[in-house]
Colleague: 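Okay, handing you the structure first.
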Amino acid sequence: MKTTFRKLGVLFAVVLFVGFTQSCKNNEPSVVKVFVRSASNQVVEGAKVIIVGDVNSTPATNPYVDTLITNSSGFTQFNLAPYYDAAAEDQTVAYFDVIAKTNTKTAEGTVRSRVHTTAVETVFLPL
């Protein structure tokens, strides 16, 4: 009888330990959304958006470059999980330069990203 209770106690402790370790993990994505708008505040579909890690920022951001095209709603969404997976564990903030281009116009901006959050930046193309 004592061995049965002992086995159940150990099993309960293991299940409790696994439950606590799994519940502490943050599974939220690390995302940067960039909206591109014209000077008249209209969404711009098909704009090329480039984000570049700002290596001169404080704290320093690792080198990183990614390029996407805006959708019909005028935005693009960068998944930064690969960036944060490669970064040091204590590096939870990153700064990116944003460049948006269409056929004839270019606009720039900056965005600050945090691990497991969604950062949003809107870039306006000039007239």
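These numbers were taken from a predicted model, which means no experiment stands behind them.
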Colleague: Is there a path of hydrophobic side-chain contacts, each under 4.5 Å between heavy atoms, that joins Phe75 and Val32?
Modeller: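 No, no single cluster joins them.
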Colleague: Which atom names give the shortest non-hydrogen contact between Gln77 and Leu68, and what distance separates them?
Modeller: O-CD1, 3.3 Å
Colleague: Within the structure provided, determine whether Thr110 and Asp54 are in side-chain contact (heavy-atom separation under 4.5 Å).
Modeller: no
Colleague: Between Ala60 and Gln91, what is the shortest heavy-atom contact and its length?
Modeller: O-NE2, 3.0 Å
Colleague: Shortest non-hydrogen contact from Ala119 to Arg112?
Modeller: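 For Ala119 versus Arg112, the nearest heavy atoms are CB-O, 3.3 Å.
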Colleague: Hey, quick one: are Val49 and Phe124 part of the same hydrophobic cluster, counting side-chain heavy atoms closer than 4.5 Å, chains of contacts allowed?
Modeller: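 No, no single cluster joins them.
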Colleague: For Asn103, does the CG atom sit with more than 12 other heavy atoms under 6.0 Å from it, leaving out its own atoms?
Modeller: no
Colleague: Measure the spacing between CD of Gln42 and CZ of Arg37 and express it to the nearest 0.5 Å.
Modeller: 8.0 Å
Colleague: Spell out, yes or no, whether Tyr95 and Phe78 are grouped together once hydrophobic residues are joined by side-chain heavy atoms under 4.5 Å, including indirect joins.
Modeller: no
Colleague: Is the closest side-chain heavy-atom distance between Val43 and Phe35 below 4.5 Å?
Modeller: no
Colleague: Considering non-hydrogen atoms only, spot the tightest contact between Ile69 and Lys48 and give its length.
Modeller: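 Closest heavy-atom pair between Ile69 and Lys48: CD1-CA, 3.7 Å.
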Colleague: Are Phe96 and Val115 connected, step by step, through hydrophobic side chains (Ile, Leu, Val, Met, Phe, Trp, Tyr) whose heavy atoms are closer than 4.5 Å?
Modeller: yes
Colleague: Please report the shortest heavy-atom distance between Asn79 and Ala81, naming the atom on each side.
Modeller: OD1-N, 3.1 Å
Colleague: I need the single residue from Ile99, Val123, Leu125 that forms a side-chain contact (heavy atoms from CB on, under 4.5 Å) with Thr106. Which is it?
Modeller: Ile99
Colleague: Side chains of Tyr83 and Thr61: is there a donor and an acceptor less than 3.5 Å apart?
Modeller: no
Colleague: Would Val34 and Ile50 show up in the same hydrophobic cluster when neighbours are defined by side-chain heavy atoms closer than 4.5 Å?
Modeller: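 Cluster IDs for Val34 and Ile50 differ.
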Colleague: Over all heavy atoms of both residues, which pair between Thr70 and Gly46 is shortest? Give the atoms and the distance, please.
Modeller: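 Shortest heavy-atom separation between Thr70 and Gly46 comes out as OG1-N, 2.9 Å.
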